[in-house]
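One-based numbering, in listed order, for ligands and for the atoms of each.
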Amino acid sequence: MKICCIGAGYVGGPTMAKIAQKCEKIEVTVVDMNPDRIAAWQTDELPVYEPGLLEVVKEARGRNLFFSTDVDAKIKEADIVFICVNTPTKTFGIGAGKAADLQYVEKCARQIASVSDSDKIIVEKSTLPVRTAESIKRILDSTGSSNKFQVLSNPEFLAEGTAMADLENPDRVLIGGETTEEGQAAVQKLVDVYAEWVPRENILTTNLWSSELSKLTANAFLAQRISSINAISALCEATGADVDEVAYAIGRDSRIGPKFLKSSVGFGGSCFQKDILNLVYLCNHFGLSSVADYWESVVQMNDYQKRRFSQRIVRTLFNTVSGKKIAILGFAFKKDTNDTRESAAIHVCKDLLEEGGHLAIYDPKVTTAQIYSDLGIDESNTQVSIHKDAYSAADKAHAVAILTEWDVLKEDQTDYNKVFDSMEKPAFFFDGRNLVDLEVLRKIGFEAHGIGKP
Ligand code: UDX
Ligand code: ADP
């Protein structure tokens, strides 16, 4: 059996590496139109940073895992084609700011239709609006050829930073297909691939639409928990309660559970906001405006949290950061990834730059070029400098802000005495991740602020 995966990004790369590692008899090729990305997958400097990924890639690469820019040839050879291309939020036209931009998915479908000369199973892995499978099928079936295509939905639930563990041991694998005999046969074929390492009872099969909607719903529920605890964090700051204590207390209720209750400067990543806006668009499309408003408020609360954090910095620094140096520790949207998509850091930094602040940014994995690009400035901009560690970033700074919960920023790995000593006084500390103990920082001399902390 041959698998071709279109899209060598954060989803396609790790997922295919895992399938290739576990299914030695299947030839897996990941294709991408971006030659630099494909070239990087063939080196030890992978384009995606993910703990444990390089080891898995090295085990399978050249054996049954390949990377190629020859998209047409690899699609043609394949029995199963995974679509793992990006589906950003539309920035123009109908649905701008909410609907998913499906141009890359549609291009894939057209490409598959035009080059195929045999029957194939097409698997949507990118998160897509409900009923996208129908559009894909229409494009595939409109070629007039006698080839038969079965479209399956197999959403990916991996989280970045823990992708390899999530793929090794998924809570569940979800596969949606048509209820026809051919549809069910295709579902079974994909079930057999995952069953090489995932227990059968963890492989769920549903109809196409349930599968597509489950992915949007899962992300909406997860993001909703974060917005809920972040909303409470604002109330904690007003009342003197401690949000971590509240989260712990409510998480002990087995009906609520302890996970995903860490208040923060706001959720980021390529999925949460995009998928909720997608859901909102879908609800409005079906005339369900109250449902749409309900979910949209999760994103609004997240925007509020990010803005609240930058405003707090400005207010605390005597209502002005103009000309002041602020060290930004962490730029990725979460630890253990070099991904910055929708990172709260981008919003906070932009706010502070607008206020005239000078930012000294340190992130252990994000490249300098990526930071400049995210901030929409070029490297000649004197308001921003990039640093190789927290000490250099904090040198002569007026304030320090932790925006990503990297382990290297914890008290046992970063010497905050040293950070404090090099700063302008009074020295302010803003912990957007509640990573360090504020009392320890206060003893050193910092005026320290956390999220939802007294
Ligand atoms: C998410 C989903 O978890 C995953 O199942 C889906 O496939 C893709 O979207 P990801 O975006 O990679 O994964 O990371 P996740 O760990 O969910 O974190 C998302 C954001 O929420 C990060 O910015 C993170 O820092 C933030 N977060 C998470 C919190 O602020 N508090 C929490 O308690 C958990
Ligand atoms: P994700 O997080 O969903 O994996 P990425 O942006 O990291 O998203 O990866 C998507 C990849 O898909 C990109 O590398 C992009 O070049 C690739 N891609 C998009 N459209 C096509 C296409 N029609 N053919 C080949 N590759 C494509």
Side-chain angles (χ1 to χ4, degrees), residues 4-16 30-38 40-41 47-48 50 67-72 74-75 81-88 101-112 125-128 155-163 166-167 170-172 174 214-216 218-223 225-230 233 243-244 247 251 258-276 302 305-306 330 332-345 403-406 432-435 451:
C4 169
C5 168
I6 310 177
Y10 285 91
V11 174
T15 313
M16 292 304 128
V30 187
V31 296
D32 203 296
M33 58 190 179
N34 178 342
D36 296 341
R37 254 198 168 170
I38 289 299
W41 278 106
V48 167
E50 195 62 66
F67 297 91
S68 169
T69 48
D70 196 350
V71 182
D72 286 355
K74 295 301 166 187
I75 293 175
V81 180
F82 282 83
I83 301 182
C84 291
V85 300
N86 36 334
T87 52
D101 184 348
L102 296 180
Q103 59 167 315
Y104 305 106
V105 173
E106 189 184 327
K107 238 175 249 161
C108 285
R110 291 186 188 280
Q111 211 163 352
I112 296 168
K125 216 167 211 347
S126 314
T127 310
L128 293 164
E156 187 46 66
F157 294 103
L158 67 82
E160 288 176 31
T162 55
D166 296 343
L167 286 166
D171 286 348
R172 78 311 206 180
L174 180 58
S214 299
K215 170 68 188 200
L216 293 183
N219 277 343
F221 270 59
L222 290 169
R225 276 175 77 94
I226 303 169
S227 275
S228 298
I229 198 70
N230 281 344
S233 77
V243 74
D244 284 336
K259 292 182 186 169
F260 258 70
L261 285 180
K262 185 93 188 119
S263 74
S264 64
V265 61
F267 58 75
S270 70
C271 287
F272 283 172
Q273 173 165 316
K274 181 186 81 179
D275 289 352
I276 292 174
N302 198 48
Q305 187 76 348
K306 291 182 273 191
F333 82 96
K334 61 188 268 192
K335 74 170 180 176
D336 291 340
T337 178
N338 61 344
D339 196 349
T340 58
R341 286 178 288 180
E342 293 301 332
S343 178
L403 299 183
T404 312
E405 73 285 20
W406 284 104
R433 293 286 181 171
N434 291 341
L435 185 73
I451 301 271

Please tell me whether Ser264 and Glu405 have a donor and an acceptor in their side chains that are separated by less than 3.5 angstrom.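 Judged by distance alone, the side chains do not pair up.
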- Would you say the side-chain atoms of Tyr10 and Asn338 include a donor-acceptor pair closer than 3.5 Å?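 On atom types as modelled, these side chains qualify, holding a pair under 3.5 Å.
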What residue and atom, counting heavy atoms only, is the protein's closest point to [atom], and at what distance?
{"atom": "atom 11 (C) of ligand 2", "result": "Asp32 OD2, 3.5 Å"}
{"atom": "atom 8 (C) of ligand 1", "result": "Cys271 SG, 3.3 Å"}
{"atom": "atom 3 (O) of ligand 2", "result": "Val11 CG2, 3.8 Å"}
{"atom": "atom 18 (N) of ligand 2", "result": "Val85 CG1, 3.7 Å"}
{"atom": "atom 22 (C) of ligand 2", "result": "Met33 SD, 3.8 Å"}

Discussion item. At under 4.0 Å between heavy atoms, is it the side chain or the backbone of Ile6 that contacts ligand 2, or both, or neither?
Written reply: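 For Ile6, the contact with ligand 2 is made by the side chain alone.
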> With backbone taken as N, CA, C and O and side chain as the heavy atoms from C-beta onward, which portion of Arg341 lies under 4.0 Å from ligand 2: side chain, backbone, both, or neither?
Replying inline: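 Contact part for Arg341 vs ligand 2: side chain (C-beta onward).
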Is any side-chain heavy atom of Phe157 closer than 4.5 Å to one of Leu174?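 They are in contact (side-chain heavy atoms under 4.5 Å apart), so the answer is yes.
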Margin query: Within the structure provided, determine whether Glu156 and Thr15 are in side-chain contact (heavy-atom separation under 4.5 Å).
Written below: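 They are in contact (side-chain heavy atoms under 4.5 Å apart), so the answer is yes.
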Would you mind listing which atoms of ligand 2 come within a distance below 4.0 Å of any non-hydrogen atom of Gly7?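 Once the distances to Gly7 are compared, the set is 11 (C), 12 (O), 17 (C).
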* What atoms in ligand 2 come closer than 4.0 Å to a heavy atom of Arg37? ->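 Going through ligand 2 atom by atom, the ones under 4.0 Å from Arg37 are 5 (P), 6 (O), 7 (O), 9 (O), 11 (C), 13 (C), 14 (O).
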(message) Here's one to test your reading of the geometry: is the NZ or CZ of Arg341 within 45 degrees of the ring axis of Phe333 and under 6.0 Å from its centre?
(response)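 The answer is no, since Arg341 fails at least one limit relative to Phe333.
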_Taking only non-hydrogen atoms of Ser126, do any sit less than 4.0 angstrom from ligand 2?_
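Checking ligand 2 against Ser126, which is what was asked, there is no heavy-atom contact under 4.0 Å.
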| said: Any carboxylate oxygen within less than 4.0 angstrom of a Lys/Arg side-chain nitrogen, looking at Asp244 and Lys262? | reply: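 The answer is yes: the pair qualifies as a salt bridge.
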Can you check which of Phe333, Tyr10, Phe260 brings a heavy atom nearest to atom 22 (C) of ligand 1?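 Heavy atom nearest to atom 22 (C) of ligand 1 belongs to Phe333.
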